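These numbers come from a predicted model, not from an experiment.
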Amino acid sequence: QRPLRRLLSCPGTVAADLRREEQSSGSAETGSEDRTPKKRFSEVQNERREQAQRTVLIHCPDKINEKKFLKFLSQHGPINSHFFYESFGLYAAVEFCQKESVTSLQNITRTPSLGPEAAIPFKSRYLNLKLRNSLNQTSELSSIQCSNQSSPSSKKLYQLLCCAESVDDQLNTLLREFQLTEENTRLRYLTCSLIEDVAAAYFPDCAVRPFGSSVNSFGKLGCDLDMFLDLDEIGKFTAQKTSGNFLMEFQVKNVPSERVATQKILSVIGECLDQFGPGCVGVQRILNARCPLVRFSHQASGFQCDLTTNNRIALKSSELLYMYGALDSRVRALVFSVRCWARAHSLTSSIPGAWITNFSLTMMVIFFLQRRSPPILPTLDYLKTLAELLLKEFFEYFGNFAFNKNSINIRQGREQNKPESSPLHIQNPFETSLNVSKNVSQSQLQKFVDLARESAWILHQEGKDRPSPSSNQPWGLAALLLPSVANNMSLSKKKKKPASERIKNLLDSIKSSGAENSTATNGR
Ligand code: CTP
Ligand code: MG
């Protein structure tokens with residue numbers, strides 16, 4: 001009943017919701033409302049990559065006759081899907097059924113002559129459509145329905161959250177509004193594919209693969225696009241091809257270390273993107289970082305991109321998170337809410353610095369779920385009833401975590417003594433000597449703890465007195481995300497008791513309810 005009511009109450013999102021329902025492979029049997037990934041990670045990556053290779057990105061005039069546009073393109077072969085979006089102009093991503101159609105289209109595409117300026121010829125799949133005789137066509141032009149690539153405004157989000165039924169419902173609403181859409185995901189793979197074309201000029205057979213939140217199922221609309229240049233196919237040695245006593249090797253240049261090799265490769269690819277990459281602007285080569293990278297904006301897609309190489313482990317950790325996210329849709333709902341909460345309070349930032357990262361936050365949520373009693377993610381029904389409770393308990397758990405002496409270890413699902421003195425220590429599950437949150441300062445950690453306690457308090461109060469829907473007052477998650485409202489609410493409800501006393505009360509209430517809860521949850 002719930003999805004139906006939601007569709008009726010929010011007409012603007014009907015089509016998108018229906019599409020998502022269709023795509024949700026798990027929805028029929030589980031009744032789950034959001035898109036829970038069920039395919040294997042490598043399967044998804046390969047399918048999406050192949051799809052992107054059959055796709056072209058076209059900058060269009062602001063007004064265009066969609067039917068005629070598609071008819072024109074289908075001269076080169078049948079079109080499988082297409083969508084339009086806006087990003088400083090109108091763009092179309094058009095997926096052909098066959099790869100050959102792309103080549104056919106490229107063959108009738110010309111390199112522009114720009115008057116006094118000179119063009120660097122490069123046959124990419126990022127094209128520009130012009131109207132031959134715009135005056136004659138004006139009457140046939142129409143506005144195009146665009147797919148939205150950005151997250152909802154705070155105003156819309158608060159409206160949606162406030163008209164939800166329960167905190168559980170709010171968590172799912174937030175997930176639905178912020179998760180990457182089908183179109184946005186396609187655009188991410190397409191952007192990687194376009195960059196791969198540039199890199200392939202130097203390294204034929206290379207692959208550029210997205211990783212991080214674009215593919216780990218925890219990405220929010222607007223998140224950066226992490227990509228890595230995979231040269232493994234080139235370096236791969238196939239034993240079957242050799243025979244007899246002879247062994248053939250390529251002549252190569254040797255450098256002192258893997259790191260130097262990585263820096264050299266990224267340096268030259270960065271140069272290429274800067275000089276010849278259509279639509280790549282603001283290219284920065286950050287080669288002395290622990291993980292050397294090239295950072296740039298891809299103008300046409302609007303993505304901020306970080307390109308690395310020799311970074312297979314990051315792809316593995318994306319797969320690990322993807323699997324955790326696939327275990328149950330509540331995991332993603334919880335991660336999204338915690339990420340949004342952290343962003344709303346400036347605990348995280350898009351600028352690198354001493355703050356906690358989304359990746360660290362996700363690890364904390366997973367750890368928290370592992371430490372619950374029972375410790376592994378249980379059945380869907382069980383989690384469904386707990387979803388509301390989970391957010392509050394997440395805040396309580398980390399509001400009281402012994403960060404000063406313990407490290408978070410999701411490899412073993414338990415806390416350990418910290419091996420070094422960083423304020424926040426989260427062991428990298430694959431490179432176990434590394435701390436994922438080495439950058440986080442004591443004051444940022446303290447801010448996290450304080451806000452977690454404050455938010456636990458708000459959710460705790462929530463159970464007691466919720467404002468009536470007609471009062472239009474933010475409550476639950478909505479109250480947690482609004483910095484000013486969060487403060488006001490907590491102050492008014494606590495009748496302005498000093499902070500120390502509020503925290504003491506909270507701790508007392510957690511202690512007593514913690515004892516009740518552990519027996520209650522074990523008993524279920
Ligand atoms: N990563 C890592 N160790 C770190 C930081 C990052 O292994 N200390 C890997 C993780 O696989 C992470 C990816 O690099 O998912 C990308 O990092 P980042 O962009 O910081 O995080 P995302 O998970 O992509 O989240 P966001 O939406 O904030 O970009
Ligand atoms: Mg990222």
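For the pair K316 and F430, the NZ or CZ position fails the cation-pi test of under 6.0 Å to the six-membered ring centre and within 45 degrees of the ring normal. By the 6.0 Å and 45° rule, R188 stacks over the aromatic ring of F303.
Using a 4.0 Å cut-off between charged side-chain N and carboxylate O, D224 and R295 make no salt bridge. A salt bridge links E177 with K156: the closest approach of a Lys/Arg side-chain nitrogen to an acidic carboxylate oxygen falls below 4.0 angstrom. Remark: K392 does not engage E388 in a salt bridge, criterion side-chain N to carboxylate O under 4.0 Å. Look at R40 and E319 and you find no salt bridge, because none of the NZ, NE, NH1 or NH2 atoms lies under 4.0 Å from a carboxylate O. With respect to the salt-bridge test (charged N to carboxylate O, under 4.0 angstrom), the residues R285 and D274 do not qualify.
By the ring-ring contact (aromatic ring centres under 6.0 Å, His included) test, F336 pairs with no residue at all, sequence neighbours left out.
Using modelled atom types and a 3.5 Å distance limit, the side chains of N46 and E50 yield no donor-acceptor pair. Using modelled atom types, one finds no donor on one side chain facing an acceptor on the other under 3.5 Å when comparing Q51 with E47.
By the 4.5 Å heavy-atom criterion applied to side chains, L477 and S337 are counted as neighbours.
Taking the centre of each ring, W341 and F395 come in below the 6.0 Å mark. Centroid-to-centroid, the aromatic rings of F394 and Y397 stay 6.0 Å apart or farther.
With values rounded to the nearest 0.5 angstrom, L287 atom CG is found 8.0 Å from L293 atom CG.
Annotation: K447, atom NZ; neighbour count of heavy atoms from other residues, nucleotides and ligands within 6.0 Å is above 12. More than 12 heavy atoms of other shown residues, nucleotides or ligands fall within 6.0 angstrom of atom CD in E420.
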Start with the C-alpha distance between E415 and N409, add both sets of side-chain angles, then the distance that settles side-chain hydrogen bond (donor to acceptor under 3.5 Å, both in side chains), and finish with yes or no.
-> CA-CA 6 Å; E415 56 238 50; N409 178 332; over 6 Å; no
Please assess T362 against R339 for the test side-chain hydrogen bond (donor to acceptor under 3.5 Å, both in side chains), listing each intermediate value before the final yes or no.
-> CA-CA 8 Å; T362 309; R339 281 185 170 200; 3.0 Å; yes
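Between the H345 side chain and the L480 main chain, a donor and an acceptor come within less than 3.5 Å of each other.
A tilted orientation is assigned to the rings of F368 and F398, their planes being inclined by 30° to 60°.
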